[in-house]
Engineer: 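Below: one structure in structure tokens.
Letters go in sequence order (proteins before strands), and every chain restarts at 1.
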Amino acid sequence: MMTMMKFNLSFYASRKFPLFFNRPYIIAASFHSINRNCKDSKTLQDAVYTFNRMLYRNPVPPIPEFTKILSVIVKRNHFAAAISLIKHFDFLGVNPVLKPTIYVFNIAINCFCHLKRVDFGFAVLGKATKLGYQPDCATFNTLIRGLCGNDKLHQAIKLFDRLVKNGFEPSVVTYGTLINGLCKSGDTRSAVVLLQNMETSTCPPGIIQYSCIIDSLCKRKRFVEALKLFTEMKRKGLSPNVVTYTCLIHGLCSIHSWDEALELLSEMHARNISLNVHTFSILLDALCKEGRITEAESLLSLMIQRGVTPNTVTYNSLIRGYCLLGKMDVARKLFDSMVDQHCTHSVITYNILIKGYSENKKIDEALSVFHEMCNEDIVPSLVTYNTLIIGLCQAGRFEEALLLPYEMKSHGLTPDISTYNTLLDALSKNTKLDEAVKFFDSMIDQGCMPSVMSYNILIKGYSENEKIDEALNMFSKMSKNGVNPNVVTYNTLISGLFHAGRLEEARMLSSDMKSRGLKPDIVTFNTILNTLYKNGKVEEARSLFNTMDDDDVVPDIVTCNCIIDGMCKSGETDEAYGMFLSLSARGLQPNVRTYNIMIDGLCKASELDKANTLFLEMKANGCSADEITYKIMVQGFIRAKQTTRAIEFINRSLNGNVSADVKKWLNGCCPPMDQKILSSSN
DNA sequence: CTAGGGTTAG
């Protein structure tokens with residue numbers, strides 16, 4: 001326990017105690033939380049009722065009975081309600097029966113911190129000190145956490161240092177809180193320094209501190225450092241627990257490193273650490289994200305078999321998995337079945353379903369799910385609205401989308417920058433550039449400052465409408481307004497300049513970008529490579545491709561498609577095919593475009609059998625042929641005068657639900673055959 | 001004091 005003997009608190013005693021009474025925001029907030037959810041409000045009302053009854057019981061129950069109720073209320077996030085109950089305690093020192101303990105003060109501080117009023121938290125500390133209470137470890141830990149959680153990390157560190165200087169011995173929780181705050185703010189380096197400081201202090205770091213930093217490193221994809229800490233903790237005799245492993249597995253899954261993740265799973269097995277609902281959910285989510293829904297289903301059975309009950313989060317991932325595959329009926333069924341499994345729908349569950357319907361071109365269903373959630377007393381979040389706005393815009397229903405920010409405001413939600421950017425993008429994409437520009441100005445009037453993304457959207461809008469000079473104008477305007485361009489800005493402009501044939505300016509921009517400390521990314525390379533090939537600069541393209549590695553940029557499938565296409569067009573079909581075969585070794589999956597490019601190249605090199613084999617292979621690889629694939633095959637066979645096989649493909653495409661404009665395909669291909677093929681295929 | 005699910009631009 002900590003020693004407070006010489007601990008000097010004078011610097012807090014001067015703080016003003018907050019007025020608990022008659023704070024309008026407290027009343028408003030309590031009202032809101034009571035109405036948030038029926039089931040919840042019932043427990044809240046019960047708790048408040050019991051609390052008030054206890055106040056008038058004779059004799060009054062001991063204080064810990066009251067704080068127990070307060071803890072329940074706080075656990076359910078009814079902070080304002082807790083504070084309004086705490087005001088019943090006697091802070092004036094006239095009623096010895098209702099004399100608060102330091103624990104009551106701590107709860108009040110915690111509540112104020114959660115209500116984003118850390119300043120009131122400090123005022124409570126001031127009052128406690130003045131009344132002669134000794135703040136305990138929890139008091140300061142709560143305040144430090146409050147500062148960390150309210151973007152006042154710097155003050156948290158200052159408080160920590162000041163406390164230490166005044167003789168306060170931080171506990172492992174104090175260190176842990178600060179390490180967590182540093183990690184969440186992205187300063188993992190300082191977190192590691194603090195971890196090292198713990199080593200020489202009276203409380204050495206534990207599993208929690210290591211796990212916290214490991215998680216933060218994984219989230220930032222710094223796996224080398226994460227694994228180093230992981231090894232270090234094991235070397236120090238600290239056994240990683242299920243949380244530590246789960247953090248690492250999560251990180252590895254996020255970069256599709258399945259083998260490494262599986263290795264950790266077997267290590268867990270060897271150490272007799274069982275997977276919990278978090279671990280299973282992460283694995284299931286990763287499978288769903290990759291479209292591996294059958295495996296996700298098996299994993300669900302496995303977890304149930306092992307006695308781990310899936311929860312709302314688990315189901316959310318599965319539902320999203322079905323949505324991603326367009327299986328909305330299954331998604332909906334699963335959604336409905338959650339109730340039978342005693343799983344509640346969260347606002348995120350609804351958001352997933354709404355997005356699923358929107359993306360599968362079922363915006364009316366999305367809207368009806370939205371109304372459903374309101375009827376179920378689930379309060380739509382900012383994300384709900386933003387998702388709906390995207391859906392409405394994609395469905396071309398701009399008027400409705402533009403109304404939603406007003407509806408949000410009437411429900412107490414503030415549209416954020418992404419709300420506005422979505423609308424801005426929708427306007428500029430749909431040849432309403434003038435309206436987009438007006439909207440951009442109105443954002444500022446609404447008190448929402450345009451972000452880099454806002455500028456990027458307009459720059460793209462101008463570029464794609466042959467107004468590259470206006471785009472360049474926006475570019476200089478953004479810097480003037482204190483918004484720094486990012487890689488996307490440069491990529492958009494470079495692409496626009498290429499499109500306008502202003503190659504030299506594009507080149508200049510690309511070096512300007514580097515001088516600003518921005519590194520070209522995969523899109524930059526793809527944009528430039530594409531243009532080089534289009535302009536027949538094959539050698540230059542090839543040497544640029546070879547420099548990608550120096551910039552730590554790994555070619556993706558778009559890059560390879562571009563290279564394969566370029567090789568085919570310059571007659572190097574064998575080299576192109578070699579590259580095609582090397583894709584899996586690069587960890588890349590060919591997509592429809594890859595197959596189309598390669599098949600076209602093979603057809604033009606009169607390698608029809610090879611082309612046909614690829615056509616069959618793409619289906620076996622789960623990549624379905626589109627209209628272009630059929631067109632390439634048909635034209636290939638016509639060029640080779642293999643009319644029967646051409647007709648075969650025309651019929652296949654017509655039977656295969658591919659919307660094919662056969663007549664268009666045949667245009668320019670052997671006119672005399674035109675009639676013959678068309679008549680036989682009908 | 002540590003872990004999982006939902007939204008915007010190239």
Engineer: From C-beta outward on V243(A), which listed nucleotide comes closest to its side chain: dG6(B), dT2(B), dA9(B)?
Structural biologist: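 Side chain of V243(A) sits closest to dT2(B).
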
Engineer: Hey, is the side chain of N386(A) pairing donor to acceptor with the base of dG6(B) inside 3.5 Å?
Structural biologist: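 A donor-acceptor contact between them is absent.
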
Engineer: Considering only side-chain heavy atoms of N486(A), which listed nucleotide, dA9(B), dG5(B), dT7(B), is closest?
Structural biologist: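 Of the candidates, dA9(B) comes closest.
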
Engineer: From the options dG6(B), dT7(B), dA9(B), select the nucleotide whose nearest atom is closest to the side chain of K355(A).
Structural biologist: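 The listed nucleotide nearest to K355(A)'s side chain is dT7(B).
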
Engineer: Consider the side chain of V277(A), meaning its heavy atoms from C-beta on, and name the nucleotide among dG4(B), dG5(B), dC1(B) that approaches it most closely.
Structural biologist: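 Of the candidates, dG4(B) comes closest.
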
Engineer: Please pick, from dT8(B), dA3(B), dG4(B), the nucleotide with the shortest atom-to-atom distance to any side-chain atom of T314(A).
Structural biologist: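 Within the option list, the nearest is dG4(B).
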
Engineer: What is the distance, to the nearest angstrom, from the OH atom on Y245(A) to the P atom on dA3(B)?
Structural biologist: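 These atoms are roughly 18 Å apart.
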
Engineer: Is N276(A) touching bases, backbone alone, or none of the nucleic acid, heavy atoms closer than 4.0 Å?
Structural biologist: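 Counting heavy atoms under 4.0 Å across all strands, the contact made by N276(A) includes a base.
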
Engineer: Taking only residues two or more places apart in sequence or in another chain, which ones pass side-chain contact (heavy atoms from CB on, under 4.5 Å) with D512(A)?
Structural biologist: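 D512(A): side-chain contact (heavy atoms from CB on, under 4.5 Å) contacts with F475(A), Y490(A), L509(A), S515(A), R516(A).
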
Engineer: Do S346(A) side-chain and dG5(B) base share a donor-acceptor contact under 3.5 Å?
Structural biologist: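 Flag set: donor-acceptor pair detected.
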
Engineer: Where the side chain of T349(A) is concerned, which of dT7(B), dG5(B), dC1(B) is the nearest nucleotide?
Structural biologist: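 From the listed options, dG5(B) comes nearest.
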
Engineer: Distance check needed: dC1(B) P versus I213(A) CD1, whole Å only.
Structural biologist: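 These atoms are roughly 17 Å apart.
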
Engineer: Restricting to side-chain contact (heavy atoms from CB on, under 4.5 Å), what partner residues turn up for H345(A), sequence neighbours left out?
Structural biologist: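 Partners of H345(A) under the side-chain contact (heavy atoms from CB on, under 4.5 Å) test: F335(A), M338(A), V339(A), T349(A), Y350(A).
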
Engineer: CG of D215(A) versus C1' of dG4(B): gap in Å, rounded?
Structural biologist: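 Result: 10 Å.
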
Engineer: Roughly, in whole Å, what's the span from CG in D416(A) to P in dG6(B)?
Structural biologist: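 Between P of dG6(B) and CG of D416(A): 16 Å.
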
Engineer: Just how far is it from atom CG of L284(A) to atom NZ of K289(A), taken to the nearest 0.5 Å?
Structural biologist: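 It comes to 11.0 Å.
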
Engineer: Who passes salt bridge (Lys or Arg N to Asp or Glu O under 4.0 Å) against E232(A), sequence neighbours left out?
Structural biologist: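 K236(A).
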
Engineer: Could you state the CG-C1' distance from L353(A) to dG5(B), rounded to the nearest angstrom?
Structural biologist: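 Nearest whole value for this atom pair: 14 Å.
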
Engineer: Decide, yes or no, whether a salt bridge links R502(A) with E505(A) under the criterion of side-chain N to carboxylate O below 4.0 Å.
Structural biologist: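 Salt bridge between R502(A) and E505(A), a charged N being under 4.0 Å from a carboxylate O: yes.
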
Engineer: Any side-chain N or O of H278(A) under 4.0 Å from OP1/OP2 of dG5(B)?
Structural biologist: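 Answer is no, no contact under 4.0 Å.
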
Engineer: Can you check whether any acceptor in the base of dT7(B) is under 3.5 Å from a donor in the side chain of S418(A), or vice versa?
Structural biologist: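 Flag set: donor-acceptor pair detected.
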
Engineer: Who pairs with Y315(A) by ring-ring contact (aromatic ring centres under 6.0 Å, His included), at least two apart in sequence or on another chain?
Structural biologist: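 ring-ring contact (aromatic ring centres under 6.0 Å, His included) check on Y315(A) returns nothing, list empty.
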
Engineer: Can you figure out which of dG5(B), dC1(B), dG6(B) approaches the side chain of N351(A) most closely?
Structural biologist: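 The closest nucleotide is dG6(B).
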
Engineer: Please list, in numerical order, the residues of residues 172-191 of chain A that have a heavy atom closer than 4.0 Å to any atom of DNA chain B.
Structural biologist: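 DNA chain B contact set from residues 172-191 of chain A: V172(A), V173(A), G176(A), T177(A), N180(A), K184(A).
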
Engineer: Would you say a side-chain N or O of K219(A) is under 4.0 Å from OP1 or OP2 of dG4(B)?
Structural biologist: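 Yes.
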
Engineer: If the condition is salt bridge (Lys or Arg N to Asp or Glu O under 4.0 Å), which residues does E359(A) pass it with, not counting sequence neighbours?
Structural biologist: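 Expected list: K355(A).
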
Engineer: Considering every strand and a 4.0 Å limit on heavy-atom distances, what is the contact class for V487(A): base, sugar-phosphate, or nothing?
Structural biologist: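 Base contact.
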
Engineer: From the list dT8(B), dG5(B), dA3(B), which nucleotide is the closest neighbour of the side chain of T422(A)?
Structural biologist: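 The answer is dT8(B), which lies nearest to the side chain.
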
Engineer: Between atom CD1 in I354(A) and atom C1' in dG5(B), what is the gap in whole Å?
Structural biologist: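 Rounded to the whole Å, the gap is 15 Å.
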
Engineer: Taking the side chain of I390(A) as its heavy atoms from C-beta onward, which of dG4(B), dT7(B), dA9(B) lies nearest to it?
Structural biologist: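 Taking heavy atoms from C-beta onward, the closest nucleotide is dT7(B).
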
Engineer: By the definition side chain to side chain contact (heavy atoms under 4.5 Å, CB included), identify the one residue from L532(A), N530(A), N526(A) that meets it with I528(A).
Structural biologist: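 Only match with I528(A) under side chain to side chain contact (heavy atoms under 4.5 Å, CB included): L532(A).
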
Engineer: Any N or O donor-acceptor pair under 3.5 Å from the base of dG5(B) to the side chain of S317(A)?
Structural biologist: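 No such pair is found, so the answer is no.
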
Engineer: Base, sugar-phosphate, or nothing: which does T312(A) touch, judged by heavy atoms less than 4.0 Å apart?
Structural biologist: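 Base contact - T312(A) has a heavy atom under 4.0 Å of at least one base atom.
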
Engineer: Can you tell me the distance, in whole Å, between the CD atom of E464(A) and the P atom of dA9(B)?
Structural biologist: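 So the two atoms are 13 Å apart, to the nearest Å.
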
Engineer: N311(A) has an atom CG; how far is it from atom P of dG5(B), in whole Å?
Structural biologist: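 Distance check: N311(A) CG to dG5(B) P gives 12 Å.
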
Engineer: Which one, dC1(B), dA3(B), dT7(B), comes nearest to the side chain of R320(A)?
Structural biologist: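 Within the option list, the nearest is dT7(B).
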
Engineer: Quick one: closest heavy-atom pair of I293(A) and C288(A), and the distance?
Structural biologist: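 So the two residues come closest at CD1-SG, 4.1 Å.
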
